[in-house]
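Hydrogens, waters and symmetry mates are skipped; everything else that's a heavy atom, side chains included, is used. It should be emphasised that the depicted structure is a prediction, and the values quoted were computed from it without experimental measurement.
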Amino acid sequence: QVQLEESGGGLVQAGASLRLSCAASRRTSGAYVVAWFRQASGKEREFVGGISGAGTIALVADSVKGRFTISRDNAKNAVYLQMNSLKPEDTAVYYCAAKDAPAVLRTTTTYVYWGQGTQVTVSS
């Protein structure tokens, strides 16, 4: 069982940066893939980025490529989502999720553990 907690969300202006953190309740290195998803009001939850257990494979969605970066610090049981050049369309609740290694998948149904989410609002 893994408990996840997101932090770092907030209200920012377009063009600003935020770093989201996902803290795990137990050691996740090597054993769990961690991903970030987001859900805007009235829309389906979508994949943002995912990282392998060892951190050697990191994927991001095309919609955020070049602006968002995912990383992890296994010594701290934490995964991060660095978001730069934020746009109003990035406004959503951001969730981190975990699944058994090794594949970094983009579908919500493959992730077993979920955090409660953190709100990111980008004003124009």
Side-chain angles (χ1 to χ4, degrees):
Q1 186 78 11
V2 178
Q3 293 180 327
L4 304 173
E5 183 174 4
E6 305 92 339
S7 62
L11 170 62
V12 297
Q13 290 189 329
S17 297
L18 279 176
R19 189 177 81 154
L20 304 184
S21 298
C22 174
S25 60
R26 54 167 287 182
R27 183 180 176 87
T28 58
S29 61
Y32 295 98
V33 169
V34 177
W36 288 94
F37 291 81
R38 67 184 181 186
Q39 187 165 19
S41 180
K43 295 188 177 181
E44 292 188 354
R45 196 168 296 188
E46 65 175 358
F47 175 83
V48 177
I51 190 163
S52 62
T56 53
I57 299 172
L59 307 176
V60 294
D62 289 343
S63 59
V64 303
K65 195 167 290 184
R67 299 189 298 122
F68 291 13
T69 303
I70 188 169
S71 62
R72 70 190 297 162
D73 184 342
N74 285 333
K76 297 182 178 179
N77 296 335
V79 173
Y80 306 102
L81 183 67
Q82 178 67 43
M83 306 186 295
N84 298 328
S85 302
L86 282 161
K87 304 175 181 181
E89 50 263 44
D90 295 318
T91 295
V93 178
Y94 283 71
Y95 299 89
C96 67
K99 62 177 286 294
D100 290 341
V104 180
L105 302 178
R106 300 171 184 252
T107 52
T108 58
T109 54
T110 59
Y111 288 83
V112 177
Y113 307 105
W114 290 83
Q116 294 299 307
T118 185
Q119 177 71 46
V120 172
T121 303
V122 184
S123 63
S124 58

Stepwise side-chain contact (heavy atoms from CB on, under 4.5 Å) check, L4 with V34: CA-CA 10 Å; L4 304 173; V34 177; 5.6 Å; no
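- Ion pairing of D62 with K65 is present here, as a side-chain N (NZ or NE/NH1/NH2) and a carboxylate O approach within less than 4.0 Å.
- Ring-plane geometry between Y32 and Y113 is classed as perpendicular, the angle between the planes exceeding 60 degrees on a 0 to 90 degree scale with a lower cut at 30.
- Although no hydrogens or angles enter the test, the distance criterion places no donor-acceptor pair under 3.5 Å between the side chain of Q116 and the main chain of E6.
- In the hydrophobic clustering of this structure, F47 groups with I57; members are Ile, Leu, Val, Met, Phe, Trp, Tyr whose side-chain heavy atoms approach within less than 4.5 Å, directly or through other members.
- Side chain of S25 to main chain of V2: no donor-acceptor pair is present (N/O by atom type, distance under 3.5 Å, no hydrogens or angles).
- No donor-acceptor pair under 3.5 Å is formed between the side chain of N84 and the backbone N or O of T69.
- Note: Y111 OH to K99 NZ = 6.0 Å, rounded to the nearest 0.5 Å.
- With V48 as the partner, the side-chain contact (heavy atoms from CB on, under 4.5 Å) test is satisfied by one option alone out of V60, D90, L81: L81.
- Applying the 6.0 Å contact sphere to CD of E46 captures more than 12 heavy atoms from other residues, nucleotides or ligands.
- Environment of CD in Q3: sparse, with no more than 12 heavy atoms of neighbouring residues, nucleotides or ligands closer than 6.0 Å.
- Shortest non-hydrogen contact noted between G115 and Y95 is O-CD2, 3.6 Å.
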Output, in order, the C-alpha distance, side-chain angles, deciding distance and verdict of side-chain contact (heavy atoms from CB on, under 4.5 Å) for R38 and T91. CA-CA 9 Å; R38 67 184 181 186; T91 295; over 6 Å; no
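- Distance alone, capped at 3.5 Å, places no donor-acceptor pair between the R72 side chain and the V33 backbone.
- In this structure, CZ on F68 lies 11.0 Å from CH2 on W36, to the nearest 0.5 angstrom.
- Rounding to the nearest 0.5 Å places OG of S124 at 9.0 Å from CD of Q13.
- Interatomic distance, I70 CD1 to C96 SG, rounded to the nearest 0.5 Å: 9.5 Å.
- Side-chain contact check for E5 and S7: no donor-acceptor pair (N or O, by modelled atom type) lies under 3.5 Å.
- F37 approaches A35 most closely through the heavy-atom pair CE1-CB, 3.7 Å.
- Note: L86 CG to R67 CZ = 6.5 Å, rounded to the nearest 0.5 Å.
- Remark: R19 is positioned above the aromatic ring of Y80, its terminal NZ or CZ atom under 6.0 angstrom from the ring centre and at most 45 degrees off the axis.
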